[in-house]
Amino acid sequence: MSIDLHCHSTVSDGALTPAEVVLRAHANGCTLLALTDHDHTGGVAAARLQAAQSGITLINGVEISVSWRGRTIHIVGLNIALEDEVLQTLLQRLRSGRLLRLQAIADKLAKKGISGAYEGTLALATNIDMVTRTHIADFLVNTGHVSKKADAFRKYLGDGKSCSVRHQWAELADVVAAIRHAGGIAVIAHPMRYELSATARRNLFSDFKACGGAAIEVHSGHSSLNDRLNYALLAQQFGFLASCGSDFHRDGDFGGGLIGSCPPLPPICQPVWSHFT
Ligand code: AMP
Ligand code: MN
Ligand code: MN
Ligand code: MN
């Protein structure tokens, strides 16, 4: 059984359409897949149609942006009811904030002599209300201001870099509550990527647990065996279920692994999918 519970399509900042995501995952042997676009569930219906044709089990998913104690954290919602009003209202609010952030980043880029970033970036997004820094990075590459996307983050867009803006995403408690309201399971995405001290990580896990969070990703992208063992132990200590996801966006991209295929979880883990399969 090959499982992938975290990946992206063109609905957010991935390169493949939702149907292509499913086809690729299937080609890599995947039998259980969740499409988890950033702050948007608009791709799930098309993914579901393709999943039925390919014979893959598809779990409804989303990856939600959270501001927690001054940091950006991502929470995946799995097995959510798509039509849930509380969840959709929260996602809608997050997306409208993205346009305001794009304008603020474009203003900073303009001060550096890079004009047209607002319109130029919007033209690259499938959904105009789902503009990510990946799209802004694409704009900077396409217009020749940087030679590759990683440089766009290193020079301009990365946290604390010259054209970054501090953005207020949703509250952790509101996000977990919305996922639970939609009947889903809340999962901390890629906990190994946040560069947290051991104390900050414990605080995040306790806050998450206290507001009803149930799982963490023990594997994400190209995690090492060491990471997986560490996070499996942490999951056990906190009583969290374990999830795994490629975080695939496109071939050869930052952080993402092979779509549809994750390494096995350490045996001490309680897999999150035992709750929906
Ligand atoms: P946003 O949610 O708009 O702030 O965009 C964040 C997205 O940018 C993440 O989901 C990643 O896909 C991508 N990203 C973040 N940091 C980098 C980086 N250093 N290089 C390439 N992509 C990145
Ligand atoms: Mn992304
Ligand atoms: Mn993420
Ligand atoms: Mn992701």
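For ligands, and for the atoms within them, numbers begin at 1 and follow the listed sequence. The model shown is predicted, which means the values in this text are computed figures rather than measured ones.
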Can you list the steps and then say if Arg24 with Asp4 is a salt bridge (charged side-chain N to carboxylate O under 4.0 Å, His left out)? CA-CA 12 Å; Arg24 270 285 201 102; Asp4 186 349; over 6 Å; no
Centroid separation Trp169 to His167 less than 6.0 Å: yes
Proximal ligand 1 atoms for Thr132, defined as those under 4.0 Å from one of its heavy atoms: 3 (O), 5 (O)
Aromatic contact, Phe238 with Phe208 (centres under 6.0 Å): no
Can you tell me which N/O/S atom of Glu63 has the shortest distance to the Mn ion (ligand 4)? OE1
Any heavy atom of Lys149 closer to ligand 1 than 4.0 angstrom? no
Rounded to 10°, how many degrees is the angle NE2/His38-the Mn ion (ligand 2)-NE2/His249? 110°
Is the closest basic N to carboxylate O distance between Arg133 and Asp159 below 4.0 Å? yes
Closest non-hydrogen protein atom to atom 5 (O) of ligand 1, residue and atom name please, with distance? Arg133 N, 3.6 Å
Please state which part of His167 comes within less than 4.0 Å of ligand 1, counting heavy atoms only: side chain, backbone, both or neither. neither
To which of Arg101, His38, Lys148, His74 does the heavy atom nearest atom 3 (O) of ligand 1 belong? Arg101
Beyond-backbone contact of His135 with Asp13, side-chain heavy atoms, under 4.5 angstrom: yes
Atom nearest to the Mn ion (ligand 4) - Asp247, N, O or S atoms considered: OD1
Strictly under 2.8 Å, is any N, O or S atom of Asp13 next to the Mn ion (ligand 2)? yes
Indicate yes or no: does Asp39 engage Arg98 in a salt bridge with an N to O separation below 4.0 Å. yes
Parallel, tilted or perpendicular, judged at 30° and 60°: which one describes the rings of His249 and His8? parallel
Checking a contact table here: which protein heavy atom is nearest atom 22 (N) of ligand 1, and how many Å away? Phe153 CE1, 3.3 Å
Thr72 side chain reached by Val66 side chain, heavy atoms, under 4.5 Å: no
Taking only heavy atoms of Thr134 into account, list the atoms of ligand 1 that are under 4.0 Å away from them. 7 (C), 8 (O), 12 (O), 13 (C)
Mind checking whether Asp13 contacts ligand 1 via backbone (N, CA, C, O), side chain (CB onward), both or neither, at a 4.0 Å heavy-atom cut-off? side chain
N, O or S from His8 under 2.8 Å to the Mn ion (ligand 4): yes
Can you tell me if an N/O/S atom from His6 lies under 2.8 Å from the Mn ion (ligand 4)? yes
Does a sphere of radius 6.0 Å around NZ in Lys112 hold more than 12 heavy atoms from other residues, nucleotides or ligands, not counting ones at 6.0 Å or beyond? no
At the 4.0 Å heavy-atom cut-off, does Arg98 count as touching ligand 1? yes
I'd like to know if Arg202 and Asp207 make a salt bridge, using a cut-off of under 4.0 Å between side-chain N and carboxylate O. no
